[in-house]
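Note sheet for the following structure.
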Amino acid sequence: MALQPGGLEGVAWLVAALMAGLVVLHLRLAWPFLRGSAPSPVRAALAAPSSWPAAEVVLCLRGADPALPDLVRSLATQSYAGPWRLQVVVDSSTDGAWLVVERALAHRGPQASWQEARLTALADPQGAASRKCASLLQAFAALDPSTLVVALVDGDAAIGTNWLSELVAACLQPGVGAVSGNRWYAPATGSGVGQVRAIWNAGALLLMGWMQVPWAGSLALRRELLTTTGWLSQLRTSLCEDTPLLNHLHQAGWRYGLLPQLLSCDCEDLRWHDLPALERWISRQLLLVRLHHPAWPWLAAHAVATSTLSLVAVLLLGLGQLPGLWAMAPAPKGALLAALLTTDLLWAGLLWSLGRALGQPAPRQLLALPLWVALTQLIYGLPP
């Protein structure tokens with residue numbers, strides 16, 4: 001029995017139109033990055049403050065990432081003109097990161113640009129808080145009285161010598177209470193699972209810029225936020241430190257700024273056995289937004305639309321190929337094919353052009369990208 005073509009062809013036109021709308025949305029979100037200015041209240045050209053305030057960098061570690069020695073070396077050579085201190089909080093003194101940091105600090109010695117570096121072990125997990133939040137609470141309680149700006153950095157971050165200077169200068173802009181960079185993935189050999197992470201992260205970068213989601217892997221905030229908002233109290237029961245920050249910034253009358261020049265590039269390749277861990281990591285990122293960010297309904301709608309529209313388009317095209325079931329007219333078939341092709345070209349173009357505009361490596365093996373786009377959309381649509 002053949003299906004009635006009218007209704008299904010109407011669905012095909014609707015799906016093609018919605019997919020075209022998503023393409024336009026993604027291009028609109030990418031445009032500020034492509035023209036060199038992120039969607040942010042922070043000016044692109046930052047003037048140096050008349051006097052650089054005392055700053056403190058907090059590095060919380062659990063496990064020794066291969067990039068950790070490079071990070072410590074980069075911190076030791078910061079060009080920051082004001083006084084600054086380094087606090088490193090390791091999950092325990094038996095953690096692998098402890099010996100790595102201890103050796104790195106001893107090696108740098110008096111040549112380092114910091115005034116003081118302290119290495120401590122996490123003493124109190126602080127009840128229901130995650131161990132990362134507990135480490136931050138411990139570090140915040142030990143801040144030097146003169147510190148006015150606090151910077152957070154992840155153990156696998158790649159930073160330049162001007163990293164702290166750019167964070168502090170941006171954070172001191174009028175009305176700005178916190179600023180951050182973000183992450184960028186460019187797998188060295190273009191491995192499939194690595195491409196999935198890169199595609200998902202490129203989309204996440206656009207949405208985080210639009211929804212103003214901070215990233216604690218490279219973040220600076222005014223010390224006032226620790227005493228004038230409820231952010232510290234929330235850390236005592238929170239799974240993460242950065243996603244809840246926006247609500248507290250707005251309640252205190254401050255704004256958040258994204259600094260695309262401080263993207264941290266990770267060129268690590270992933271293999272197929274890493275796919276389950278990647279799926280759990282993506283689900284965790286979505287869960288944290290659902291728990292802590294006011295724009296969660298928009299992100300949920302985007303995830304559902306992105307993951308289901310392409311699947312429905314493929315199913316409709318498949319039904320149209322079954323003999324005697326439904327003879328799809330050329331026009332809606334062409335619209336669906338064009339929508340699928342445009343979606344694949346969009347992500348190939350965004351990965352290449354965004355990477356180039358942001359000074360990051362271009363993606364590899366673009367011919368296989370449609371397969372990785374489809375897998376990314378499938379993972380993205382799974383409920384957190």
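Numbers here simply count residues along the sequence, with the first being 1. Computation of the quantities below employed the complete heavy-atom set of this structure, encompassing side-chain atoms and omitting hydrogens, waters and symmetry-equivalent molecules. A quick note: this is a predicted structure, and the numbers were derived from the prediction, not measured.
- You'll find the side chain of L263 reaches within 4.5 Å of the side chain of L205, heavy atoms only.
- Shortest non-hydrogen contact noted between L105 and A117 is CD2-CB, 4.1 Å.
- What you find for L258 and G181 is that their closest heavy atoms are CD1-O, 3.7 Å.
- With hydrogens and angles ignored, the 3.5 Å screen pairs a side-chain donor or acceptor of E9 with a backbone N or O of A329.
- When atom types are taken as modelled, the side chain of R222 and the backbone of V176 share a donor-acceptor pair closer than 3.5 angstrom.
- Interatomic distance, CG of L75 versus CG of D70, reported as 11.0 Å (0.5 Å rounding).
- A heavy-atom distance below 4.5 Å is found between the side chains of L61 and L59.
- Ionic pairing of E116 and R85 is present here: one or more N-O contacts between side-chain nitrogen and carboxylate oxygen are shorter than 4.0 angstrom.
- Residues H26 and H302 place their aromatic rings such that the two centres sit under 6.0 Å apart.
- The cluster map of Ile, Leu, Val, Met, Phe, Trp and Tyr, joined by side-chain heavy atoms under 4.5 Å apart, puts L337 and V23 in the same cluster.
- A 4.5 Å side-chain heavy-atom check between L22 and T343 finds every atom pair outside the cut-off.
- Distance alone, capped at 3.5 Å, places no donor-acceptor pair between the D95 side chain and the R62 backbone.
- Judged by distance alone, with hydrogens and angles left aside, the side-chain atoms of Q138 form a donor-acceptor pair with the main-chain N or O of A123 at under 3.5 Å.
- In the hydrophobic clustering of this structure, L286 does not group with V304; members are Ile, Leu, Val, Met, Phe, Trp, Tyr whose side-chain heavy atoms approach within less than 4.5 Å, directly or through other members.
- Looking at every heavy atom in both residues, S146 comes nearest to D144 through OG-OD2, 2.6 Å.
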*asked:* Run the side-chain hydrogen bond (donor to acceptor under 3.5 Å, both in side chains) test on S218 and W163 for me, step by step, so that the C-alpha distance in whole Å, both residues' side-chain angles and the decisive distance to 0.1 Å come before the verdict.
replied: CA-CA 9 Å; S218 178; W163 171 78; 2.7 Å; yes
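- Using a 4.5 Å cut-off on side-chain heavy atoms (C-beta onward), D242 and V213 make no contact.
- Judged by distance alone, the side chain of S113 and the main-chain N or O of A76 form a donor-acceptor pair under 3.5 Å.
- In this structure the side chain of Q212 never reaches within 4.5 angstrom of the side chain of R255, judged on heavy atoms.
- Side-chain polar atoms of S264 and W184 form no donor-acceptor pair below 3.5 angstrom.
- Checked by atom type and distance alone, the side chain of D344 never pairs as donor or acceptor with a backbone atom of L341 at under 3.5 Å.
- The backbone N or O of A142 sits less than 3.5 Å from a side-chain atom of R118, completing a donor-acceptor pair.
- Ion pair D91/R131 flagged as a salt bridge, since at least one NZ, NE, NH1 or NH2 atom sits closer than 4.0 Å to an Asp/Glu carboxylate oxygen.
- One N or O on the side chain of S238 and one on the backbone of C240 form a donor-acceptor pair closer than 3.5 Å.
- Remark: K132 engages D154 in a salt bridge, criterion side-chain N to carboxylate O under 4.0 Å.
- Put simply, CG on L350 and CG on L27 are 6.0 Å apart, with the number rounded to the nearest 0.5 Å.
- Of the residues L86, I159, V57, the one that meets the side chain to side chain contact (heavy atoms under 4.5 Å, CB included) test with Q78 is I159.
- Residues L14 and L315 are members of separate hydrophobic clusters, defined by side-chain heavy-atom contacts under 4.5 angstrom among Ile, Leu, Val, Met, Phe, Trp and Tyr.
- One finds the CD1 atom of I379 at 4.5 Å from the CG atom of L275 (value rounded to the nearest 0.5 Å).
- Residues L206 and V24 do not share a hydrophobic cluster, defined by chaining ILVMFWY side chains whose heavy atoms lie under 4.5 Å apart.
- Aromatic ring centres of W347 and W200: separated by at least 6.0 Å.
- In this structure, OG1 on T227 lies 8.5 Å from CG on L232, to the nearest 0.5 angstrom.
- Going from atom OG of S310 over to atom CG of L336 covers 10.5 Å, rounded to the nearest 0.5 Å.
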*Mind running side chain to side chain contact (heavy atoms under 4.5 Å, CB included) on E56 and W84 for me, showing each step along the way?*
CA-CA 5 Å; E56 201 150 338; W84 75 279; over 6 Å; no
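- In this structure the side chain of L340 reaches within 4.5 angstrom of the side chain of L317, judged on heavy atoms.
- Nearest heavy atom pair, residue A158 against residue C265, reads CB-O, 4.1 Å.
- Shown here for A178 and L245, the closest heavy-atom pair between the two residues is CB-CD2, 4.1 Å.
- Connection of V312 to V314 is established within a shared hydrophobic cluster, with ILVMFWY side chains joined at heavy-atom distances below 4.5 Å, either directly or through further cluster members.
- T189 and S191 share no donor-acceptor pair across their side chains, judged by distance under 3.5 Å alone.
- Within 6.0 Å of CH2 on W281 lie more than 12 heavy atoms contributed by other residues, nucleotides or ligands.
- Smallest separation of non-hydrogen atoms from L270 and G194: CB-N, 3.8 Å.
- Salt-bridge formation is not detected for the pair R197/E279: no Lys NZ or Arg NE/NH1/NH2 atom is positioned less than 4.0 Å from an Asp or Glu carboxylate oxygen.
- Distance CG/N201 to OH/Y185: 6.0 Å, rounded to 0.5 Å.
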*Starting from the C-alpha separation in whole Å, work towards a yes-or-no answer on side chain to side chain contact (heavy atoms under 4.5 Å, CB included) for E241 and W231.*
CA-CA 9 Å; E241 68 280 12; W231 184 54; 4.3 Å; yes
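- The main-chain N or O of T161 is never found under 3.5 Å from a side-chain atom of T77 such that the two would form a donor-acceptor pair.
- Between W372 and W272, the ring planes lie tilted relative to each other; the angle falls in the 30° to 60° range.
- Side-chain atoms of E224 never come within 3.5 Å of backbone atoms of G177 as a donor-acceptor pair (strictly under, hydrogens ignored).
- V58 has its side chain within reach of C60: a pair of non-hydrogen atoms, C-beta onward, lies under 4.5 Å apart.
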